[in-house]
Amino acid sequence: MKRMKKIEVVIDTIHLEHLISLLENRGFTGYTVIKDVYGKGERGLMIGDEVTGVFQNSYLFTICEEQQLNDVIEDLRKMLKKYGGVCIVSDVDWLIH
Amino acid sequence: MKRMKKIEVVIDTIHLEHLISLLENRGFTGYTVIKDVYGKGERGLMIGDEVTGVFQNSYLFTICEEQQLNDVIEDLRKMLKKYGGVCIVSDVDWLIH
Amino acid sequence: MKRMKKIEVVIDTIHLEHLISLLENRGFTGYTVIKDVYGKGERGLMIGDEVTGVFQNSYLFTICEEQQLNDVIEDLRKMLKKYGGVCIVSDVDWLIH
Amino acid sequence: MSLDLLIQNVLNPVILFFFLGVLSIFLRTGLEIPQPIPKFISLYLLMSIGLHGGYELSKSGLDFYVFKVLGLALLMAIVVPIYSFFILRLKVDIYNAVAIAATYGSISAVTFITAVNFLQSIGDSYSGFMVAAMTLMESPAIIIGLILLNIFAKKSDNGNLDVKELLRESFFNPSVYILTGSLLIGFITGEKGWKVVDPLFGQLFKPMLAFFLLDMGIVAARRLSELKKVGMFLVAFAIIIPIINATIAILIASSVGMTKGDAFVFAVLCASASYIAVPAAMRLSVPEANPSIYVTMALALTFPFNISVGIPLYYWLANKILGG
Amino acid sequence: MSLDLLIQNVLNPVILFFFLGVLSIFLRTGLEIPQPIPKFISLYLLMSIGLHGGYELSKSGLDFYVFKVLGLALLMAIVVPIYSFFILRLKVDIYNAVAIAATYGSISAVTFITAVNFLQSIGDSYSGFMVAAMTLMESPAIIIGLILLNIFAKKSDNGNLDVKELLRESFFNPSVYILTGSLLIGFITGEKGWKVVDPLFGQLFKPMLAFFLLDMGIVAARRLSELKKVGMFLVAFAIIIPIINATIAILIASSVGMTKGDAFVFAVLCASASYIAVPAAMRLSVPEANPSIYVTMALALTFPFNISVGIPLYYWLANKILGG
Amino acid sequence: MSLDLLIQNVLNPVILFFFLGVLSIFLRTGLEIPQPIPKFISLYLLMSIGLHGGYELSKSGLDFYVFKVLGLALLMAIVVPIYSFFILRLKVDIYNAVAIAATYGSISAVTFITAVNFLQSIGDSYSGFMVAAMTLMESPAIIIGLILLNIFAKKSDNGNLDVKELLRESFFNPSVYILTGSLLIGFITGEKGWKVVDPLFGQLFKPMLAFFLLDMGIVAARRLSELKKVGMFLVAFAIIIPIINATIAILIASSVGMTKGDAFVFAVLCASASYIAVPAAMRLSVPEANPSIYVTMALALTFPFNISVGIPLYYWLANKILGG
Ligand SMILES: Nc1ncnc2c1ncn2[C@@H]1O[C@H](COP(=O)(O)O)[C@@H](O)[C@H]1O
Ligand SMILES: Nc1ncnc2c1ncn2[C@@H]1O[C@H](COP(=O)(O)O)[C@@H](O)[C@H]1O
Ligand SMILES: Nc1ncnc2c1ncn2[C@@H]1O[C@H](COP(=O)(O)O)[C@@H](O)[C@H]1O
Ligand code: NA
Ligand code: NA
Ligand code: NA
């Protein structure tokens with residue numbers, strides 16, 4: 001097993017594509033997405049089942065090296081500042097296979 | 001980045017509203033919910049796709065200060081005791097934006 | 001609260017049943033599943049909304065004792081080697097109720 | 001019971017799809033109708049019977065006969081859970097007894113629909129306002145159940161029962177609401193309204209039911225694996241109490257002069273058990289009861305029994321007692 | 001306005017289901033049409049009007065009258081967001097003014113559909129190519145909004161506006177695309193094609209609309225809790241600007257000799273506000289604006305106003321101005 | 001091939017919606033039919049053809065001609081994957097060769113449906129039991145594939161092949177099960193049953209297909225980005241092998257005296273490739289093969305080729321060989 005970082009982001013579904021391109025541009029090769037989750041934060045309730053499609057969140061996590069985290073963190077901060085959302089980082093052990 | 005606590009709860013979808021009001025009453029301002037997950041625990045299989053709507057779980061997580069965690073933990077324990085479900089807590093770094 | 005291990009696995013939905021039987025055979029009594037997530041990894045994009053049902057992932061997590069983790073880890077590694085997917089392990093505190 | 005009726009009931013694409021669903025689980029084919037399609041079809045079916053019932057009511061109007069039948073429906077919805085509770089207490093703890101009694105005191109809309117479908121296929125008819133009777137019978141059992149619980153359970157943490165919230169949840173649950181609402185809309189807009197909605201809510205009704213029963217077959221058969229948790233006493237209860245309820249219903253119906261078709265439908269309502277509205281309410285207000293027991297009984301035993309054997313049986317009974 | 005028209009509009013199952021949805025939220029019944037069913041019905045409705053419009057167009061052909069009306073539609077789609085913007089700037093910051101102006105400059109397809117439904121129910125008619133006018137009016141307001149933003153906002157981080165991407169997102173958003181596509185398919189395949197698709201896209205259209213409006217009622221009423229964020233000025237704007245836009249539209253229509261039915265539909269288009277395509281675009285390109293404001297205005301105020309009071313009002317106006 | 005046939009096939013709303021879906025991906029409109037709607041429509045289509053086939057069969061009955069054709073169908077389902085495998089081994093590793101061979105040995109129900117739709121639109125007919133032939137042709141290729149694998153692959157970890165589980169998964173997969181089941185229900189309930197289900201499963205069939213093909217267009221075009229993984233040899237294979245299979249099928253059909261309509265449908269079945277049942281089975285039992293290759297070939301190359309050019313081509317061939 002290898003010590004890695006897990007980055008978790010909740011962001012508007014409408015900005016998910018931006019987030020993914022940001023990660024791919026920084027050389028992230030893997031991620032997992034759960035679409036259409038809902039929640040509440042500074043910008044109020046994201047109802048999730050709107051016909052408008054505007055009040056929906058997505059949840060993404062990616063497992064990466066500490067170095068990759070450091071590379072991307074400032075851009076992530078900027079993105080969240082502009083669009084809202086939440087990002088947390090934690091330590092995990094990755095099962096090498 | 002700031003050291004925070006991540007609380008994760010799996011609970012019957014039917015009791016999700018209770019859980020959310022509990023959190024909101026304790027001053028939690030943010031959470032994310034994934035509806036209609038399924039699973040297995042002490043009370044058997046939650047099939048998830050029942051037409052009855054009775055055998056469905058939801059998954060909620062919230063990022064909070066350690067103090068908030070301590071405030072809510074006993075009520076959470078009582079709720080899980082009554083309704084079943086599972087709750088875990090871990091350490092995360094929150095990306096301030 | 002009790003210190004436990006959280007195992008998270010992302011695997012093809014088509015192999016999810018295998019994963020669950022593996023866990024159940026090893027005496028795991030609880031798990032939670034989120035079906036039909038999507039993502040990207042070594043084997044390319046899992047689009048998630050295919051009519052074929054072949055390019056879909058599922059996400060499973062289970063909270064267990066350290067001992068249980070050790071019992072299952074080698075079989076998990078073999079399974080991921082054969083079928084692809086990702087597995088991470090982390091420390092969590094379990095709220096006893 | 002004439003075998004003819006049984007065969008006529010079963011040799012119907014709608015019922016056959018139910019059994020196709022059941023068989024699918026035994027053969028482990030992995031066939032499923034993905035959510036939320038079944039929830040959507042269920043909503044559709046409720047809207048359809050509401051609209052159609054309201055339309056029929058707008059044609060026939062309200063008279064004494066209507067109110068008499070509605071009164072009886074209410075009566076049975078109150079009485080059934082009470083006697084069921086005392087029968088159940090012979091073997092079952094108080095929480096499960098309450099939940100099961102409430103389950104059988106309420107009704108199953110899909111069983112009702114299947115019965116109506118059967119009635120039409122053999123060329124018989126019933127009154128449109130029976131939909132109102134059904135709506136009326138959905139909620140009272142929940143209230144009765146919780147009253148029984150408050151009387152007989154020791155007052156530990158049931159004391160903080162929020163009565164107002166409870167009434168709201170009993171009477172404004174989604175099924176009751178959409179049924180009542182569609183009934184009213186059908187009634188208000190009458191013939192003209194029905195013409196607008198008929199192509200979807202009238203013409204497609206039966207084949208949509210076939211679709212839904214396919215799913216019900218899958219869901220019911222999946223539940224069968226939980227049967228060991230239910231136990232012999234409750235398995236017997238799940239088959240016998242519907243027959244008792246139906247018989248009582250037909251006897252009452254005969255004594256007050258209901259038509260044969262209405263008596264039959266009334267019997268089906270009394271015989272059926274709820275697996276949507278009541279379980280949801282019980283899960284919230286009696287979490288101590290085990291849903292694997294009451295849902296399995298209603299869904300995997302009583303429902304299949306009713307739509308295959310029960311419906312022709314009750315029709316045969318109605319025929320015997322009210323005269324062909 | 002004649003009360004008759006209002007009642008005729010409201011006593012329609014399609015509209016009543018909208019109010020059933022609204023009431024459901026106030027009674028907290030928990031009724032919902034689970035996603036993605038509403039998205040699917042919304043797609044269905046767009047395909048239906050596209051196909052039907054295309055078919056009608058294939059019968060009538062293209063002539064000067066058609067191009068004149070399309071030109072006017074385009075004009076209003078450009079002018080409305082501009083004057084709306086300056087009215088809004090009296091009280092609202094620049095970002096929200098842009099987003100709201102774009103919202104009201106664009107159109108709501110479901111309002112259009114409801115208007116057409118109303119027209120048919122009172123036995124009046126309109127030209128099939130009005131669907132093309134609607135399609136044409138969906139996107140320009142987005143562009144106008146962003147031009148206004150670029151002119152009036154200080155050039156901080158809006159500088160890096162990707163114009164090409166923006167045009168693509170304005171003109172190839174899902175609604176515009178499926179409308180245009182279905183219109184073309186309906187036009188190309190004509191009578192023969194319409195026969196193929198009619199059983200689903202023609203016959204079931206109205207009852208499907210009833211279904212969809214039930215959901216819209218739920219969604220709109222849920223938004224009402226956000227009304228305090230909107231404020232009195234914008235509440236008034238959400239009711240008054242549609243009436244103004246409709247009146248202007250009818251005056252223009254009258255001056256160029258449009259038929260009464262077409263003038264009415266044109267007025268409805270100008271009066272309606274977008275709650276799908278434009279909010280999605282604004283969310284992407286003007287993240288500083290608050291969607292709780294512009295979506296709530298379009299969805300919880302203007303939409304219900306239009307389908308209940310607005311439609312009969314605009315029809316009455318068209319009648320007055322263009323002569324019975 | 002007469003250009004007329006090609007145009008007649010393409011100028012059909014059903015096919016045009018497929019291309020609308022394809023174009024949508026190139027224009028990046030973001031249009032999608034959200035899951036699980038496409039899965040549901042796919043289930044609906046299978047039930048429809050099953051029920052209709054069963055009904056037709058109940059009218060025509062079973063005779064020697066029927067069994068002859070079913071036998072030939074079975075034969076082709078066994079032979080096609082074998083010769084495909086050896087052609088593929090010229091360039092492709094054993095795992096992918098197995099998976100691709102199984103894919104092309106099996107059939108695509110939607111291609112079948114599109115062919116039937118084409119046949120009806122030009123006023124020709126086919127025998128109802130061809131649905132049974134299709135059902136029969138779905139699974140054998142999976143078994144053949146795994147037998148080939150067991151013979152030619154080195155016996156590493158394929159040794160622990162669970163034969164019983166495999167047979168179950170081949171023959172009781174959801175598609176085969178629902179097709180067979182609906183066929184039987186249609187057969188048993190005959191005319192009377194068909195009347196019950198016709199409004200949904202008969203009348204709405206073609207426009208539902210339009211809907212589904214819109215989604216197929218989106219899904220197929222999305223796969224096109226994977227084409228570089230497929231490589232020239234396999235791209236050619238995906239176009240040429242269907243033509244070969246169809247030609248062989250028509251020659252056989254002609255030699256045993258099948259009707260022109262049946263021969264055409266038989267050719268389409270042989271020419272089509274599976275993108276649902278077989279990929280799922282291969283994913284489970286040959287995880288070494290790359291699904292991006294075999295799914296892309298079936299979905300993004302063979303399927304579009306067949307429904308646009310293939311179908312009129314095979315019809316033209318059948319006409320040539322079996323005489324107009
Ligand atoms: N403290 C939190 N814990 C968990 N999820 C959160 C938290 N704060 C925000 N979120 C999620 O992030 C989304 C956007 O947050 P915000 O931009 O603050 O409105 C919310 O809708 C939630 O789903
Ligand atoms: N050990 C565990 N790991 C992950 N999820 C669990 C675990 N135990 C229970 N759960 C989840 O919590 C739900 C309720 O648990 P229970 O009340 O124990 O039946 C289950 O259906 C699972 O989804
Ligand atoms: N680094 C990662 N972080 C998060 N999820 C991943 C990562 N790598 C792979 N996954 C997930 O695991 C699935 C299978 O991975 P793979 O077998 O590498 O293609 C992917 O489709 C992703 O959903
Ligand atoms: Na009952
Ligand atoms: Na407008
Ligand atoms: Na084939």
Side-chain angles (χ1 to χ4, degrees), chain A residues 4-13 15-16 19 22-23 32-50 55-64 66 69-93, chain B residues 1-39 46 48-49 53 56-69 72 76 87-97:
Chain A
M4 304 276 275
K5 290 288 181 185
K6 180 187 188 190
I7 312 181
E8 295 167 81
V9 184
V10 180
I11 199 168
D12 290 27
T13 300
H15 298 128
L16 179 65
L19 174 60
L22 173 64
L23 293 175
T32 297
V33 173
I34 303 178
K35 265 209 168 171
D36 299 343
V37 311
Y38 76 96
K40 197 169 171 178
E42 284 164 26
R43 294 166 311 134
L45 193 66
M46 298 296 281
I47 276 180
D49 63 349
E50 283 293 325
F55 298 94
Q56 259 167 351
N57 289 331
S58 284
Y59 168 85
L60 175 149
F61 72 87
T62 173
I63 315 300
C64 64
E66 179 140 20
L69 167 66
N70 296 336
D71 288 354
V72 86
I73 200 87
E74 277 317 309
D75 285 326
L76 261 180
R77 196 196 305 277
K78 259 190 228 145
M79 178 172 255
L80 295 184
K81 190 154 201 164
K82 182 151 189 201
Y83 297 132
V86 110
C87 170
I88 52 176
V89 177
S90 55
D91 290 317
V92 294
D93 290 315
Chain B
M1 298 227 268
K2 190 175 162 191
R3 180 50 47 122
M4 305 276 275
K5 289 289 180 183
K6 180 186 188 189
I7 313 180
E8 295 168 80
V9 184
V10 180
I11 199 168
D12 289 27
T13 301
I14 233 168
H15 297 128
L16 178 65
E17 265 189 56
H18 284 158
L19 173 61
I20 290 178
S21 10
L22 174 63
L23 293 175
E24 295 195 333
N25 290 340
R26 286 296 177 286
F28 281 68
T29 54
Y31 56 83
T32 297
V33 173
I34 304 177
K35 267 208 167 172
D36 300 342
V37 311
Y38 74 96
M46 299 296 282
D49 64 347
Q56 257 165 352
N57 289 332
S58 283
Y59 168 84
L60 175 150
F61 72 87
T62 174
I63 315 300
C64 64
E65 312 267 349
E66 179 142 19
Q67 188 48 49
Q68 286 181 292
L69 167 65
V72 86
L76 260 180
C87 169
I88 53 176
V89 177
S90 55
D91 290 318
V92 295
D93 290 317
W94 183 53
L95 181 66
I96 303 167
H97 66 265

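Convention: sequence-line order gives letters A, B, ...; per-chain numbering from 1.
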Checklist entry - Hey, are the side chains of A/Val10 and B/Phe61 touching, using non-hydrogen atoms and a 4.5 Å cut-off? => result yes
Item to check | Segment of A/Ile73 engaging chain B (4.5 angstrom heavy-atom cut-off) | outcome: both
Checklist outcome for this item: When the 4.5 angstrom heavy-atom criterion is applied to A/Val89 and chain B, the contacting part is both
Next on the checklist: Under 4.5 Å from any heavy atom of chain B, what part of A/Ile34 do you find: side chain, backbone, both or neither?
Outcome noted: side chain
Report every donor-acceptor pair between chain B and chain A with a separation under 3.5 Å, backbone and side chains included.
| residue | atom | partner | partner atom | Å |
| --- | --- | --- | --- | --- |
| B/Lys6 | NZ | A/Glu8 | OE1 | 2.5 |
| B/Lys6 | NZ | A/Glu8 | OE2 | 3.2 |
| B/Glu24 | OE2 | A/Lys40 | NZ | 2.8 |
| B/Tyr31 | N | A/Lys40 | O | 3.0 |
| B/Tyr31 | O | A/Lys40 | N | 2.8 |
| B/Val33 | N | A/Tyr38 | O | 2.6 |
| B/Val33 | O | A/Tyr38 | N | 3.0 |
| B/Asp93 | N | A/Val89 | O | 2.7 |
| B/Asp93 | O | A/Val89 | N | 2.7 |
| B/Leu95 | N | A/Cys87 | O | 3.0 |
| B/Ile96 | O | A/Arg77 | NH1 | 2.7 |

